[in-house]
Amino acid sequence: MAELIGPRLYSCCNCRNHVALHDDVISKAFQGRNGRAFLFSHAMNVMVGPKEDRQLMTGLHTVADVYCSDCREVLGWKYERAYEETQKYKEGKYILEKSKIVKENW
């Protein structure tokens, strides 16, 4: 009998709350506050904090910190607005720091 295997996903490193699907990874080549980070098209079971303008490596962006909805761990941020035309593709997307998430169902 075959085993049922669920989707590959990422969970909060602190409480194992499911926060993103592997299929929603856009890029693994981003820089977070504490090292490598992944860009996701969607995130789940997260809370989005207040918006603020931040000067990032790729220019000025309006971002909002993203927290695990269970344990409140800061996992990364959501791009709300990009001021540079070449960065507009990030709007509405999520950065989750590699050090803050763990793989599940791999």
Side-chain angles (χ1 to χ4, degrees):
M1 190 163 156
E3 279 187 49
L4 292 177
I5 299 174
R8 293 191 302 172
L9 38 81
Y10 293 92
S11 299
C12 171
C13 68
N14 197 44
C15 71
R16 297 299 199 264
N17 183 23
H18 298 162
V19 294
L21 297 172
H22 175 68
D23 288 347
D24 291 335
V25 173
I26 296 170
S27 173
K28 294 183 178 181
F30 275 72
Q31 187 68 28
R33 287 190 192 105
N34 306 305
R36 272 188 49 209
F38 300 164
L39 182 68
F40 288 88
S41 58
H42 300 93
M44 58 189 170
N45 301 320
V46 296
M47 298 179 314
V48 178
K51 296 176 190 175
E52 63 179 55
D53 284 346
R54 264 188 223 155
Q55 187 67 41
L56 302 174
M57 292 172 66
T58 53
L60 184 64
H61 295 79
T62 302
V63 298
D65 284 340
V66 174
Y67 304 85
C68 173
S69 62
D70 282 355
C71 73
R72 310 293 194 257
E73 179 80 20
V74 177
L75 302 174
W77 63 84
K78 181 179 181 185
Y79 286 103
E80 298 288 353
R81 181 174 178 205
Y83 292 91
E84 307 270 336
E85 198 59 42
T86 60
Q87 302 300 310
K88 293 283 188 189
Y89 74 96
K90 297 177 184 173
E91 291 181 343
K93 312 266 183 334
Y94 296 82
I95 286 287
L96 298 180
E97 301 212 34
K98 187 177 180 209
S99 65
K100 302 287 187 149
I101 55 176
V102 293
K103 295 175 179 179
E104 302 272 354
N105 292 337
W106 290 66

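The residues of the chain are indexed from 1 along the displayed sequence.
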Examine [X] and [Y] and state if one hydrophobic cluster contains both, with Ile, Leu, Val, Met, Phe, Trp and Tyr joined whenever side-chain heavy atoms are less than 4.5 Å apart.
{"X": "L75", "Y": "Y94", "value": "yes"}
{"X": "V19", "Y": "V66", "value": "yes"}
{"X": "I95", "Y": "L56", "value": "yes"}
{"X": "Y67", "Y": "V63", "value": "no"}

side-chain contact (heavy atoms from CB on, under 4.5 Å) between N17 and C71, worked out: CA-CA 8 Å; N17 183 23; C71 73; over 6 Å; no
All N/O donor-acceptor pairs, side-chain side in residues 78-86, below 3.5 Å, sequence neighbours left out:
residue : atom : partner : partner atom : Å
Y83     : OH   : D53     : OD1          : 3.3
Y83     : OH   : T62     : OG1          : 3.1

Inter-residue atom distance [X].[atom1] - [Y].[atom2], 0.5 Å rounding:
{"X": "E104", "Y": "S11", "atom1": "CD", "atom2": "OG", "answer": "3.5 Å"}
{"X": "M57", "Y": "Q31", "atom1": "CE", "atom2": "CD", "answer": "5.5 Å"}
{"X": "R72", "Y": "C15", "atom1": "CZ", "atom2": "SG", "answer": "10.0 Å"}
{"X": "N14", "Y": "R16", "atom1": "CG", "atom2": "CZ", "answer": "9.0 Å"}

Is there a side-chain contact between Y10 and V25 (heavy atoms, below 4.5 Å)?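 They are in side-chain contact.
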Strictly distance-based, threshold 3.5 Å: is any side-chain N or O of K100 a donor or acceptor partner for the main-chain N or O of L96?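 No, because the side chain of K100 does not come within donor-acceptor range (under 3.5 Å) of the backbone of L96.
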How would you list, by chain and number, every residue that makes a salt bridge (charged side-chain N to carboxylate O under 4.0 Å, His left out) with R33, sequence neighbours excluded?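 Here the qualifying residues are D65.
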Cut-off 3.5 Å, no hydrogens considered: what does the side-chain donor-acceptor table look like for residues 34-52, sequence neighbours left out?
residue : atom : partner : partner atom : Å
S41     : OG   : D24     : O            : 3.4
N45     : ND2  : H18     : O            : 2.7
E52     : OE2  : R54     : NE           : 2.9
E52     : OE2  : R54     : NH2          : 3.3

Run the numbers on K90 and F30 for side-chain contact (heavy atoms from CB on, under 4.5 Å), then give the verdict. CA-CA 11 Å; K90 297 177 184 173; F30 275 72; 3.6 Å; yes
